[in-house]
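Each chain gets a letter, A, B and so on, in the order the sequences are listed, and its residues count up from 1.
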Amino acid sequence: MITQRLFTGGSNRRVLVTALVLAAVAVLVPVLHLALPPSSPFHVPAYMVALVGKYLTYALLALALDLVWGYCGILSLGHGAFFALGGYAMGMYLMRQIGDRGVYGNPILPDFMVFLNWKELPWFWYGFDQFWFAAIMIVLAPGALAFVFGWFAFRSRVTGVYLSIITQALTYALLLAFFRNDMGFGGNNGLTDFKDILGFNVQAPETRAGLFAASALALALALLITSAITRSKYGMLMVAVRDAESRTRFIGWRPENIKVFAFTISAVMAGIAGALYVPQVGIINPGEFAPANSIEVVVWTAVGGRGTLVGPIIGALLVNGGKSWFTGILPEYWLFALGGLFIAVTLFLPKGIIGTWDSWRASRRDAAERARTKAEEDAAPPPVDPATGRPVRVEETPRAPSPGLSGGPAPQPAE
Amino acid sequence: MSKSGTILYLDGVSVSFDGFRAINNLSLVLDRGEMRAIIGPNGAGKTTMMDIITGKTRPDAGEVYFDGTIDLTKHDEADIAMMGIGRKFQKPTVFESHTVEDNLVLALAGPRSIFPALFHRRSKAESEHIDEILATIRLEARRNDLAANLSHGQKQWLEIGMLLAQDPKLLLVDEPVAGMTDAETEETARLLKDIAKTHSVVVVEHDMHFVRELGVKVTCLHEGAVLSEGTLDHVSADDRVIEVYLGR
Amino acid sequence: MTVLRVLFVLVGLALSGAASAQVDDEAIRATIARFADSKNFRETEEIVRDLAATGDVRVERPLSALSDGNLSFRKSDRQVFIAPERGQTATLFDPLTGEAAGEAPKGDFTKVKVNNSLRRTIRDVISGLTLASPDPVVRLAAARTMFIAPDAANLEALDAAIAAETVTSVKISLEAARASTILVSDAPDAAKFDAIALLGQRGDRETLSLLTGFAARSQGDLQAAAQRAIDTIGKSLALWDIGQNIWYGISLGSVLLLAAIGLAITFGVMGVINMAHGEMVMIGAYTTFVVQSVIRSSFPGLFDWSLTIALPLAFLVAGAVGLALERGVIRFLYGRPLETLLATWGVSLILQQAVRTIFGPTNQEVGNPSWMSGGFQIGQLALTWNRLWIVVFALAVFGLLLYIFKRTAWGLQMRAVTANRRMASSMGIRTPWVDAFTFALGSGIAGIAGVALSQIDNVSPNLGQGYIIDSFMVVVFGGVGNLWGTLVGAFSLGIVNKFLEPYAGAVLGKILVLVLIILFIQKRPRGLFALKGRSVEA
């Protein structure tokens, strides 16, 4: 209906508003943190800056997942792997910046290598003393992995739950690999004890504020870019592949290319999120590869509403805020709450917060419009609910969840 | 048999799934510009034949040539679609969360790679072409509606419209009038006859009334092979066809 | 066996003790007393040899104590005791009889000093003594000791023992010990060739290292002969190694089969990815724990029956949880596999945390019944009973499921629903009913898998997490909707895993397997035993 157009217009406006809010937060929070004295009621305490900064990188990760899951129908249970790879690339840069200030005082080798009796830097650590190199690797490492993995998986038409399981196996394999000491990434303990980033002390309030602003701006920028991607013809193709892959194929497109591109872009976004995450929390270890982490990202996205771009951001902030609050008062019950959230969202809120809000508004507007047309035709008053005085909502959407918002194609029990 | 002058040439094609022979030594030739109706009971191999032509299924044996020169068994679905074979599925398949117009935009002939799609701006020529197709399939009034909200018959038309947008040389149309009202069926027959003026078309259909309305050469398939070929009257007078359809 | 051994010991004691014990006692005690006056290791060694010369088996006690550093004498009266120390006190025992003799402050005693060469002497002396023991088990042990650590001085004792030996298995060991002793002695080369030939027949790892050591210090023909024997043993060991790896692989495969087969059923029949499947396994393991706790506290005599009791209970408990899960959550999500995956993940988090809250986060102790502990050896193949029983059990479960699927009405209905849900439903099969009970069956099987796994793995709330990805890999690899695929998938993954481990290490081996599966799916996206044809992608 006509609401469809309004609806996309609405979501576009929502993206702009969110991006502006993020930009404002990027400026305001650091200012309120640095310029105001701790006694001021408007002062943002340091722990808050660190906490929200971390959430913003999570939101970026959720946004990345939304691009592949919400728009392309690829439920990746391994996005935490790309996040962690970006994080490790940043961590390696930060390790090299420690220089001879480590416990063992070795100017070249990080502490854990000295501890393991390594004599020289492994080749894959070369170049990480330069930020520009690390920055390239932050993009390249997750991107290349996603490209190769996606190329293999999508070309052989692995779809649906099969693909999800394989992505989970991917991050699980990386988890095992990074736990090994002889991989050269610090094994169990990962990389930590960072000192400087770009010459600034990572612990300094100014640096923290800067990292916060960078995270908020990166998120805003990523939001605008993904929004542009999804509104392009390519974005329409992603949805087409999600809803009817074989139709797309039979009109001459190659769904595997469309998917690989989306998967790679998404992995790069996840990698950047990881790179911003690491200096703010001060550590990266193999635990970030745990399959449970990746699947948690899925629930952030689902809570906010997949395929809505802004939804996953809200979902990530809400769920993680809830987690911090919950673990503060009832730590042992958090897993109950998280598990319940998984069930509740899939059963009762399959479109997520934003998606449900949108369809509620759309159906209201449709009902109102139909009522108005009818009124004009019949010159009779629109049907009004006697209890509320509102126009009666007319059920129009099909009973099955609209394919626009539900995950894959029709039921395929064999898969 | 010469391949030149043919748009579609199948010779001795066989394929089996787990020992079941879905297509058994099938030979079929379609001339350029011809429209052909294919009939046959359930399980006769009609859809599998389409799968072979469009590259979804690889035959175990036999030759499949398009346009006299292109060996279709060496290409995949997307390649074959780009060479100019359009296919409409048995179950109408359109992009339900896109508008009618966007469905056509995606099907429109043009480059099929990522970056042009990413920075695509619709040209005036494209817009005009889309208007044209919308007029042909009689969906102008619903161009901005979601495809999901179309009726069953309208989805069938939209799918045919998408084939037209693709500008193929050969159209494979699987059961285009299933679930349509009589009026819609007549309308569809007129539409297909119209299309057949400029394209080669293969129509698979159960509805004899519709096939009669098309008024073209008919091929009857049974157990993966051609049972009878000729005018509808000729085919329906064939004893073997009657036996297959009515049983003994 | 045990009874026999006790008998032997008793008879031995009667023979050696009754006749000469009283007479010799004083002499032995006098010799032991000399330890208090020993000035250096050489003197101590002399005393050790004198003790051995008595030929009395009982001197093993003070000698062992000396070797362990527990032999001390009281400073006041220079009386020798076995006096192990704990903290500031020493517990005293009579050096000959081992009778307790009270406690005393540690400061009152001086230890008899011992060094490694002395320890070696003591070990050799003891084995020489025990060669004469009337108990064949003791003689066997002595032969083994002499075989591993040969000493030329033992040669005569060995010859005598071989001549007197009546038990064949002991005699074989004694001859091997003699051969290994000859190799370290200055016996003529001919005898050494014979010894090498004899050892070459054995083919175990100890012989291999023995011969390797010999080859290193010998020359010429002897070295060549030893080298040939080493090669023969190496080849036969390599074969045994392959056998052992296959066994480890089968063992791992049976574990994977148990964990994956329930998943294969729910995934195959219903297209449902149950991420809480691992937790069903965990519930089964905890059921075993509860059953054993009750038995331990109330009916200790029934402990060997604990697993038999736990099996049906675990099936029922896990099956009931599965039924509740299907009725409460999954049935609302049919046709939405990805959502099902998420919801069941949520269920798995809740179940894990629930178990953690009830039982605590630490590992729970689940014991092996006697018939599942220990192991045995076939040639160079080491088998343990618990692993063997799990293989048998896994195959039994597989056979039972196959029977249910192929021979019962319920199985027919399940297969019908797998093949075509809509058609089955219109044929009058109540698909919701089939779904619910299939899910309960799959969960119940996971529960009994948990009983088996409790025998070889730590029972903790994370038990299930360790198996879930592996189980999925098995199902994906084997192909959906085919029990045989699961069987072949489980065993081939198990064996490949164990063959990669020696070359790549456990972790890297696992990673390699994952990568191999990802590559395999390139070739066969629907697994080893995939359903083919038009219906698949319809």
Closest non-hydrogen atom pair between [X] and [Y], with its separation:
| X | Y | result |
| --- | --- | --- |
| B:Val94 | A:Ala244 | O-CB, 4.3 Å |
| B:Arg112 | A:Gly252 | CG-O, 3.5 Å |
| A:Ile229 | B:Leu118 | CG2-CD1, 4.3 Å |

Below 4.5 Å from any heavy atom of chain A, which atoms of [X] appear? Answer side chain, backbone, both or neither.
| X | result |
| --- | --- |
| B:Pro111 | backbone |
| B:Leu163 | side chain |
| B:Gln166 | side chain |
| B:Phe119 | neither |
| B:Asp79 | both |

Practice task
Report yes if the side chains of A:Ile251 and B:Phe95 come closer than 4.5 Å at any heavy-atom pair, otherwise no.
Solution key: yes

Handout entry: Flag side-chain contact, heavy atom, 4.5 Å: A:Ser246 against B:Lys56
Key = no

Practice task
State whether B:Glu77 and A:Arg157 are salt-bridged, where the test is any N-O pair (Lys NZ or Arg NE/NH1/NH2 against Asp/Glu carboxylate O) under 4.0 Å.
Solution key: yes

Problem - Between B:Ala78, B:Gly55, B:Ala81, the one whose heavy-atom pairs under 4.5 Å with chain A are most numerous - result: B:Ala78

Fill in the blank from the handout: Most contact-rich option vs chain A, by heavy-atom pairs under 4.5 angstrom, among B:Met82, B:His98, B:Glu159, is B:His98

Exercise for the section: Tell me, for A:Phe261 versus chain B, whether the close heavy atoms (under 4.5 Å) come from the side chain, the backbone, both or neither. Expected result: side chain

Practice task
Any chance you could measure A:Leu237, atom CG, to B:Asp102, atom CG, to the nearest 0.5 Å?
Solution key: 10.5 Å

Handout entry: Gap between atom OG1 of B:Thr93 and atom CD of A:Glu245 - 0.5 Å precision
Key = 13.0 Å

Problem - Neighbour count >12 (heavy atoms, 6.0 Å) for atom CZ, A:Phe147 - result: no

Exercise for the section: Mind ranking A:Arg247, A:Arg249, A:Arg254 by heavy-atom pairs under 4.5 Å with chain B and telling me who comes out on top? Expected result: A:Arg247

